[in-house]
Amino acid sequence: MVRVLLPDGSARDLPDGATAADLAASIGRRLARDALIAAADGTEVDLSAPLGDGVSYEIVTAGSERGLHTLRHSTAHVLAQAVLGLFPGATFAIGPPVADGFYYDFELPGGATFSDADLERIEARMREIIGADQPFVRREIDSAEALEVFADHPYKREIIERVSGAGDAEADPGADADPDADPGADADPGADPGADADLAAEAGSDGVVSCYANGEDFVDLCLGPHVPSTGRLGHFALQRVAGAYWRGDSDRPMLQRIYGTAWATAKDLKAHLHRLAEAARRDHRRLARELDLVSWPEELGPGLAVWHPKGALVRHLMEDYSRGRHATGGYEFVYTPHLAKSNLWETSGHLDFYAESMYPPMELDGASYYPKPMNCPFHVMIYRSGQRSYRDLPLRLFELGAVYRYELSGAVHGLLRSRGFTQDDSHIFATAEQVPSELASLLDFVLSVLRAFGFDDFQAKLSTRPPRKAVGPPEMWDLATEGLRAALESAGLDYVTDPGGGAFYGPKIDVDVTDAIGRAWQLSTLQVDFNLPERFDLHYTAPDGRRRRPVMIHRALFGSVERFFGVLLEHYAGAFPTWLAPVQASVLPVAADHAGYAAQVADELRAEGLRVEVAASDEPLGRRGRAAKVQKVPYVLVVGASDVAAGTVGVNPRAAETQRDVPLADLKARMLAEAAPR
RNA sequence: GCCCGAGUAGCUCAGUCGGCAGAGCGAUUCAUUCGUAAUGAAUAGGUCCGGGGUUCGAUUCCCCGCUCGGGCUCCA
């Protein structure tokens with residue numbers, strides 16, 4: 001007899017040798033049918049695992065994140081099984097579940113690649129495997145045997161050697177990962193046992209690894225757990241092939257990655273595919289063209305946009321709103337040039353740690369002038385232009401500063417990742433004591449502005465002191481980190497902590513917004529900086545007459561004006577709220593006789609500062625109405641004979657029913673109310 | 001930067017097994033004067049991404065380049 005505990009606190013007795021599947025069956029038929037894996041004292045195990053006495057069990061179904069994760073992971077195995085079956089000589093690397101689905105990395109003999117037709121074949125084969133309802137069978141073997149089982153699969157062998165400690169794990173690949181990283185933080189060898197050791201421990205000590213086999217001829221190295229059999233899978237679709245470096249390292253081989261999506265039910269799969277289609281419909285590059293906002297002439301080069309009148313108008317409104325808020329928020333506006341000599345970037349450290357993302361210098365008069373990738377050093381120059389007293393602090397400088405960054409050509413993506421963009425960049429110089437309250441009011445300010453643009457759903461991340469090397473005294477880090485945490489809490493913001501995720505020069509908060517279709521966009525950043533004040537030897541005079549070092553806070557709110565515009569465009573699917581719409585109303589005279597009245601209506605609205613156009617009657621009314629709708633104009637106003645007589649308009653708003661005979665004054669009031677930022 | 005895919009009219013795309021380049025939408029003009037998401041007709045519009053090669057002949061085949069798209073963070 002074994003006694004197990006259930007999540008509701010009850011206990012249940014089962015015969016010796018009973019499995020998690022038996023437990024599920026003893027609880028209910030439906031649970032037995034839906035069960036995928038179990039969690040034993042929180043550790044995920046196969047349903048076929050024997051129950052342990054005194055252990056608490058939770059049965060996991062596809063209704064939970066963990067269950068879905070398993071489902072996707074198992075589907076990835078079936079993908080590998082199909083590929084290895086269909087492509088003799090193919091080898092496979094890793095195939096984890098990811099957000100919404102899974103992938104698996106392969107290498108085909110002779111560097112061959114998958115085509116779209118291959119994907120169809122593979123998917124068909126996967127469906128056969130699923131139809132055969134093959135059980136997933138776990139086996140634990142020692143690493144020597146595993147190396148034999150995977151003799152033809154070098155990537156698997158590498159993993160076995162790494163996790164079992166059998167081979168000579170190569171030097172820590174993490175050390176060179178972060179381009180922002182610390183000047184002095186060279187890897188100290190052996191100091192980061194981190195992830196690898198955890199894996200090895202999980203895989204079982206003593207060089208034992210686990211494998212999962214299904215069907216006659218397929219076995220994969222895997223921690224598990226897996227669904228009981230392939231028949232539990234099926235609501236999936238293969239999506240695309242992409243190149244991916246082995247272990248994400250551009251010095252290692254490029255593998256062929258197949259991405260798929262997988263869900264618990266056909267309905268969920270369909271909903272996901274619909275979300276993808278919706279995202280494509282909202283693609284800002286497409287909307288930018290359709291609404292005549294922005295374009296990317298090839299002649300300019302990758303990642304460089306030109307703003308057409310309507311796009312420029314919306315941008316102008318965004319910038320004006322931002323300026324207005326900053327003006328009343330205690331900021332002082334500055335301008336700085338687009339170039340600076342190399343010595344500035346040497347002092348700031350950018351040339352040491354950021355050079356590959358900078359445009360190359362222009363050489364003249366014996367100096368090297370670099371286009372700026374950041375505004376910070378210029379603002380530091382302004383701070384340093386005179387003596388500062390504690391009475392001057394906090395000093396909040398603000399600039400819409402155009403910066404240029406040499407993004408990888410493959411990374412450039414419309415307005416969301418461009419090579420020239422404008423940061424709404426603020427640098428706040430404060431005393432250490434001011435930091436907590438300054439952070440709190442900063443965060444409130446940021447959220448308030450984001451809300452004005454229609455975002456209400458935020459998720460924040462607090463990144464704390466990195467373990468390896470950090471500048472600044474620990475007590476300063478604590479003060480700043482606790483200040484950030486207090487700011488998050490007083491703002492009532494949901495946040496996660498990324499321990500050790502901060503830059504070497506200070507902790508930070510990143511704020512993500514969730515858009516209308518549930519996608520998260522990282523926009524705002526509050527970054528505390530102990531480094532630049534040091535590098536540029538900044539100081540202020542304290543009340544006691546001694547010189548002290550200020551703390552710098554970098555703050556981007558939109559992040560980049562261009563990117564924020566792109567996110568807004570996708571969030572609203574092009575239908576900007578009235579206050580941002582480039583054209584707020586289109587007046588449609590029913591016939592030529594009403595043209596004069598239409599012009600009069602337009603003029604009256606324009607006199608109130610509203611943006612109004614008139615569509616003359618040389619095309620049918622329906623067509624003109626459609627044209628305005630396609631351009632997502634908030635108000636379509638139709639005026640005919642009865643309106644001329646009564647001083648009214650027919651109001652066809654973007655998102656409501658048409659109303660006839662609305663007095664012009666009423667319309668005006670309604671539009672003016674909407675035309676102000678909230 | 002690297003892997004895969006794609007570049008044909010302003011846009012979306014068809015097409016040419018190597019032989020005068022096509023549609024729909026949009027634009028322009030004319031007619032139509034209409035009560036709420038596509039009136040009719042006509043016209044204009046092309047270095048078929050660029051450069052080289054093969055060929056009697058290349059938008060089409062080959063090579064090089066440019067640009068765009070997907071991916072290169074998710075760790076058995």
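Worth knowing before you read on, the calculation uses all heavy atoms, side chains too, and leaves out hydrogens, waters and symmetry mates.
Atoms CZ (A:Arg417) and P (B:rC68) sit 14 Å apart, rounded to a whole Å. Atom-to-atom, CZ of A:Phe92 to P of B:rA76 comes out at 14 Å; the value is rounded to the nearest Å. The separation between A:Arg247 atom CZ and B:rC72 atom P is 16 Å, rounded to whole Å. The CG atom of A:Asp249 sits 11 Å away from the C1' atom of B:rC72 (whole-angstrom rounding). Atom-to-atom, CZ of A:Arg626 to C1' of B:rU39 comes out at 14 Å; the value is rounded to the nearest Å. Separating the CD atom of A:Glu298 from the C1' atom of B:rG69 is a distance of 13 Å, rounded to the nearest angstrom. For A:Gln239 and B:rG5, the CD to C1' distance is 16 Å, given to the nearest whole Å. Distance CG (A:Asp142) to P (B:rA76): 20 Å, rounded to an integer number of Å.
One finds no side-chain N or O of A:Tyr104 lying less than 4.0 angstrom from the OP1 or OP2 phosphate oxygen of B:rC75. For B:rG1, one of the phosphate oxygens OP1 or OP2 lies less than 4.0 angstrom from a side-chain nitrogen or oxygen of A:Ser409. Remark: A:Arg240 is not in phosphate contact with B:rG69, judged by side-chain N or O atoms under 4.0 Å from OP1 or OP2. Side-chain nitrogen and oxygen atoms of A:His69 include none within less than 4.0 Å of the OP1 or OP2 phosphate oxygen of B:rC74.
With distances taken from any side-chain atom of A:Ala411 to the nucleotides B:rA38, B:rC3, B:rC72, the minimum falls on B:rC72. In this structure, the nucleotide among B:rC74, B:rG1, B:rU36 sitting nearest to the side chain of A:Pro96 is B:rC74. Picking from B:rC11, B:rC4, B:rA37 the nucleotide with the shortest atom distance to the side chain of A:Arg289 gives B:rC11. Of the candidate nucleotides B:rA76, B:rC74, B:rC3, B:rC3 has the atom lying nearest to any side-chain atom of A:Met254.
B:rA41 and B:rU54: their C1' atoms are spaced 48 Å apart (whole Å). Of the P atoms belonging to B:rU67 and B:rU59, the separation is 23 Å, rounded to the nearest Å. Comparing the C1' positions of B:rG7 and B:rG15 gives an interatomic distance of 15 Å, to the nearest angstrom. Atom name C1', nucleotides B:rC11 and B:rA58: the rounded distance is 27 Å, in whole Å. Rounded to whole Å, the C1' atom of B:rA14 lies 29 Å from the corresponding atom of B:rG53. With P as the reference atom, B:rG10 and B:rG46 are 7 Å apart, rounded to whole Å. On the P atoms, B:rC61 is 15 Å away from B:rC48, given to the nearest whole Å. On the P atoms, B:rG26 is 33 Å away from B:rG71, given to the nearest whole Å.
When each of A:Val412 and A:Gln659 is assigned the nucleotide of RNA chain B bearing its nearest heavy atom, the one mapping closer to the 5' terminus is A:Gln659. When the nearest nucleotides of RNA chain B are assigned to A:Pro302 and A:Ala627 by heavy-atom distance, the more 5′-ward of the two goes with A:Ala627.
Under a 3.5 Å cut-off, the side chain of A:Thr464 and the backbone N or O of A:Gly500 do form a donor-acceptor pair.
Across the strands present, B:rG26 finds no partner; the criterion is a Watson-Crick or G-U wobble pair with both atom distances under 3.5 angstrom. Checking B:rG35 for Watson-Crick or G-U wobble geometry (two distances, each under 3.5 Å) identifies no partner in any strand. Pair assignment for B:rU55: none, as no Watson-Crick or G-U wobble contacts are both less than 3.5 Å. Base-pair partner of B:rG45: not found among the strands shown (Watson-Crick or G-U wobble, both distances under 3.5 Å). B:rU73 makes up no base pair with any nucleotide shown, lacking Watson-Crick or G-U wobble contacts both under 3.5 Å.
Within 4.0 Å (heavy atoms only), A:Gly248 reaches sugar-phosphate atoms of the nucleic acid but no base atom. Residue-level contact check: A:Ile94 touches the backbone only, with heavy atoms under 4.0 Å from sugar-phosphate atoms and none from bases. Here A:Arg285 lies in heavy-atom contact (under 4.0 Å) with sugar-phosphate atoms only.
Judged by atom type and distance alone, A:Arg257 does not reach the base of B:rC3 through any side-chain donor-acceptor pair under 3.5 Å. Judged by atom type and distance alone, A:Tyr103 does not reach the base of B:rG71 through any side-chain donor-acceptor pair under 3.5 Å.
Ring planes of A:Phe106 and A:Phe114: perpendicular class, angle over 60° (limits at 30 and 60°). Using the six-membered ring where Trp is involved, A:Phe353 and A:Phe504 have ring planes that are perpendicular, over 60° apart on the 30 and 60° scheme. Ring geometry for A:Phe136 versus A:His226: interplanar angle under 30°, hence parallel rather than tilted (30 to 60°).
For A:His73 and A:His69, the ring centers are positioned 6.0 Å apart or more. Two rings, from A:Phe102 and A:Tyr104, have their centers 6.0 Å or more apart.
No side-chain donor-acceptor contact under 3.5 Å links A:Asp105 and A:Tyr155. Side chains of A:Glu158 and A:Trp246: a donor on one and an acceptor on the other come within 3.5 Å. Side chain to side chain, A:His308 and A:Ser295 meet the donor-acceptor criterion of an N or O pair below 3.5 Å.
A pairwise comparison of heavy atoms in A:Val149 and A:Val219 identifies CG1-CG1, 3.8 Å as the closest pair.
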Can you check nucleotides 41-44 of chain B for protein contacts, nitrogen or oxygen pairs under 3.5 Å, and list what you find?
none

For this session: Give the C-alpha distance, both sets of side-chain angles, the deciding distance and a yes or no for side-chain contact (heavy atoms from CB on, under 4.5 Å) between A:Phe150 and A:Leu221.
Result: CA-CA 8 Å; A:Phe150 294 101; A:Leu221 181 71; 3.8 Å; yes
Exercise. Which parts of nucleotides 28-35 of chain B does protein reach within less than 4.0 Å, heavy atoms only, written one letter per nucleotide 5' to 3' as B for base, S for sugar-phosphate only and - for none?
Worked result: ---BBBBB
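Within the structure, salt bridge (Lys or Arg N to Asp or Glu O under 4.0 Å) pairs that include any residue of residues 648-664 of chain A do not occur (at least two apart or interchain).
The residue from A:Tyr370, A:Tyr354, A:Tyr406 that alone fulfils the ring-ring contact (aromatic ring centres under 6.0 Å, His included) condition with A:Tyr359 is A:Tyr406.
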